[in-house]
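All values below come from the heavy atoms of this structure, side chains included, with hydrogens, waters and symmetry mates left out.
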Amino acid sequence: MSILSSTAARDIAHQLHPYTNAIRHEAIGPIVIDRGEGVYAYDDQGRRYLEGLAGLWSVAVGFGEKRLVEAAKRQLEKLPYYHIFSHKSHMPSIALAEKLAEMTPGDLSHVFFTNSGSEANDTVVKLLWYYNNACGRPKKKKFLAREQAYHGITVASGSLTGLPNNHRDFDLPAIPVRHLTCPHYYHFGQEGETEAQFVDRLIGELEAVIAEEGAETIAAFIGEPLMSAGGVIPPPNQYWERVQAVCRRNDILIVADEVITGFGRLGTMFGSEHYNIQPDILVLSKQITSSYQPLAAVVISDAIYKAVAENTGKIGTFGHGYTGSGHPVATAVALENIAIIEERQLVENAARMGRVLQSRLAALADHPLVGEVRGAGLIAGVELVADKSTKASFDEPGRVGAYVFHRAHHHGLVVRAITDTIAFCPPLIISEDQIEELVSAFERTLEDTVRWIASGKPAY
């Protein structure tokens with residue numbers, strides 16, 4: 001084992017890292033990222049990595065975008081902070097709310113700002129509890145979500161999330177939520193079942209759960225248009241159309257969690273447009289600022305706004321908000337970031353380069369380790385399996401994925417391992433040559449992985 005640098009030792013001494021095995025971290029230490037430029041990140045030793053996950057699914061315009069730096073600087077000089085509580089406001093938050101209401105699909109008309117996607121989905125829960133109380137429906141408080149969904153990690157949003165490691169030893173779920181079958185045909189389709197029959201079964205399950213719980217008790221169905229952090233899982237054909245039809249018949253609202261799919265990721269401005277979703281609430285974060293600043297937005301329909309507003313008139317307030325809600329620097333950066341996405345036609349680039357990425361990765365389908373290649377636009381997942389014919393996982397799920405994650409760094413590539421699915425989500429600015437670089441580095445990593453599995457050696 002290599003000797004840890006003094007910087008790594010300082011990190012180990014004082015930081016508790018998210019989504020990290022702390023004991024393992026004490027042994028191997030961090031890769032310390034020092035700077036970024038375009039689609040590349042550089043560590044403190046000068047090594048370059050193609051950022052195949054855009055940071056955390058989020059750096060749309062790439063690293064080192066001077067226009068965003070200048071937007072932040074201008075706002076810091078003019079008004080570095082002010083709140084929007086109690087009838088106060090400022091121009092960046094006003095302009096961004098106006099822009100989001102204009103560009104989002106359907107009749108979404110009002111925006112509530114938070115600092116993160118987790119806070120945004122937490123806000124959705126509280127907002128709909130408040131809304132249904134205002135509408136005289138105090139029992140309508142439950143949520144429908146899906147297994148393998150990711151909606152955040154606060155107490156409420158973490159409860160909506162359908163991943164075991166986000167619940168284990170945190171005493172979650174802690175709110176009333178039912179998790180439905182993950183809409184992943186590759187894994188959850190039954191023997192002899194077509195994809196259409198699989199969707200029939202999922203819709204039957206949805207209807208049965210609504211009947212069991214009582215539609216009068218269910219506030220909303222929440223879902224990512226394409227499930228991302230749970231394994232990059234596009235929905236089957238007609239899935240979203242049929243889910244919405246059932247929910248509309250039962251007066252259950254649709255919440256589209258577009259924390260990852262918003263602002264071009266799928267080759268459309270919003271994932272809802274890609275899958276023909278008409279949400280009552282749209283949740284946005286990550287690419288809203290390319291993560292140069294922490295910001296998220298809950299965009300709600302006019303009907304929800306009016307009911308909530310009328311209730312604030314009755315009781316005197318909407319008693320919810322954050323110190324950084326609509327932060328002037330974050331909202332100023334978001335406005336500039338969206339302007340760059342529009343001016344440089346990055347949504348169109350995501351569509352074009354997405355076709356290249358999906359095609360190049362699909363060519364790996366015959367590789368002995370590859371079970372399924374899936375995705376849409378500039379987000380993709382390559383699932384590694386022990387047996388292609390049976391789709392069997394490895395004896396120790398996640399061990400091979402962890403090896404690939406670490407080994408990819410050796411080839412100058414950053415990816416994310418979701419158990420044994422390797423996720424890709426590069427910046428929207430990526431070029432065809434850079435996609436070739438990304439896939440070539442991944443191919444070399446796969447060949448290393450074949451040799452490592454055959455050797456029987458430990459991962460690292």
Between [X] and [Y], does at least one N-O distance fall below 4.0 Å, as a salt bridge requires?
X      : Y      : answer
Glu383 : Arg374 : yes
Glu216 : Lys140 : no
Arg399 : Asp420 : no
Glu258 : Arg265 : no
Glu336 : Arg67  : yes
Arg178 : Glu147 : no
Asp302 : Lys306 : yes

**Asked** Mind checking what makes salt bridge (Lys or Arg N to Asp or Glu O under 4.0 Å) contact with Glu224, not counting sequence neighbours?
**Response**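 Scan of Glu224 (salt bridge (Lys or Arg N to Asp or Glu O under 4.0 Å), adjacent residues dropped) gives none.
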
**Request:** Please name all residues satisfying salt bridge (Lys or Arg N to Asp or Glu O under 4.0 Å) with Glu65, sequence neighbours left out, ordered by chain then number.
**Result:**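 Salt bridge (Lys or Arg N to Asp or Glu O under 4.0 Å) list for Glu65, sorted by chain: Arg344.
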
**Request:** State which residues pass side chain to side chain donor-acceptor pair (under 3.5 Å) with Thr317; sequence neighbours excluded, sorted by chain then number.
**Result:**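 Partners of Thr317 by the side chain to side chain donor-acceptor pair (under 3.5 Å) criterion come out as none, since no residue qualifies.
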
**Item:** Passing candidate, ring pair (Phe, Tyr, Trp, His ring centres under 6.0 Å) with Phe318, options Tyr131, Tyr130, Tyr305
**Value:**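 Only one option passes, and that is Tyr130.
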
**Prompt:** Is the distance between the ring centroids of Tyr322 and His320 under 6.0 Å?
**Reply:**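 Centroid distance Tyr322-His320: below 6.0 Å, so yes.
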
